[in-house]
Amino acid sequence: MALQWMILTYLVAAEAVIAVLLTLPSPKLLKYRLVSLISLVLQPALFVVPFAGFQLLDIYWKMEHRLMCTGETCTAAERDRYEKSIYKAQRNVILCISACLLYWCVYRVCKFYKEIQSLEEVEKRYKDQ
């Protein structure tokens, strides 16, 4: 079970690095090459959205079917284990949401740069005429 969270963690880290690379100032040629490369990777990387959604559903199902440990019958170790599982679930929810949000941000930034590039080409054609 930990493998899927490790994969999602690495995906979020990679998306964060890509988002930072896209937003850093750089020369136009380098920026357009980077945007075109990332645009090619974006479509296959779309699997992160349903994967994160499935993980959110899994967390929800586990929360609904979890044994509650709130009464006097619980030992301290059981209560600590219960609280630790709640914290892990909250962390994983934040991870899933950030994966989807970062994917959307990278997609919009790439689309924004492509629109700028097409507008610059149109402006250049008008200047040449």
Between SG on residue Cys105 and CD on residue Glu15, distance to nearest 0.5 Å: 9.5 Å
Gap separating the CD1 atom of Ile94 from the CD atom of Gln90, nearest 0.5 angstrom: 7.0 Å
Euclidean distance, Lys111 NZ relative to Leu42 CG, rounded to 0.5 Å: 12.0 Å
Cluster link Leu8 to Leu46, ILVMFWY, side chain under 4.5 Å: yes
Partner set under salt bridge (charged side-chain N to carboxylate O under 4.0 Å, His left out) for Lys84, not counting sequence neighbours: none
Any donor-acceptor N/O pair, Asn92 side chain to Lys88 backbone, under 3.5 Å: yes
Same apolar cluster: Ile7 and Val93, side chain cutoff 4.5 Å: yes
Shortest non-hydrogen contact from Tyr32 toward Tyr113: CE2-O, 4.1 Å
Minimal non-hydrogen separation, Lys31 against Leu21, with atom names: NZ-O, 3.6 Å
Counterpart residues, salt bridge (charged side-chain N to carboxylate O under 4.0 Å, His left out), relative to Glu120 (two or more places apart): Lys28
Co-membership, hydrophobic cluster, residues Leu40 and Phe112, 4.5 Å side-chain: no
Atom pair SG/CG of Cys110 and Leu34 - distance to nearest 0.5 Å: 7.5 Å
Nearest-0.5 Å distance that lies between atom CZ in Arg81 and atom SG in Cys74: 11.0 Å
Plane angle bin for Phe47 and Phe51 - parallel if under 30°, tilted between 30 and 60°, otherwise perpendicular: tilted
More than 12 heavy atoms of other groups within 6.0 Å of Gln43 CD: no
Hydrophobic cluster membership, Leu101 vs Val48, 4.5 Å side-chain cutoff: no
Val109 reachable from Leu30 in the ILVMFWY side-chain graph, under 4.5 Å edges: no
Contacts of Glu123 that satisfy salt bridge (charged side-chain N to carboxylate O under 4.0 Å, His left out) - sequence neighbours left out: Lys127
Straight-line distance of Leu56 CG to Leu95 CG, nearest 0.5 Å: 9.5 Å
Within-4.5 Å side-chain heavy-atom neighbours: Arg33 and Leu37: no
Shortest non-hydrogen contact between Val12 and Leu102, atoms and distance: O-CD1, 3.7 Å
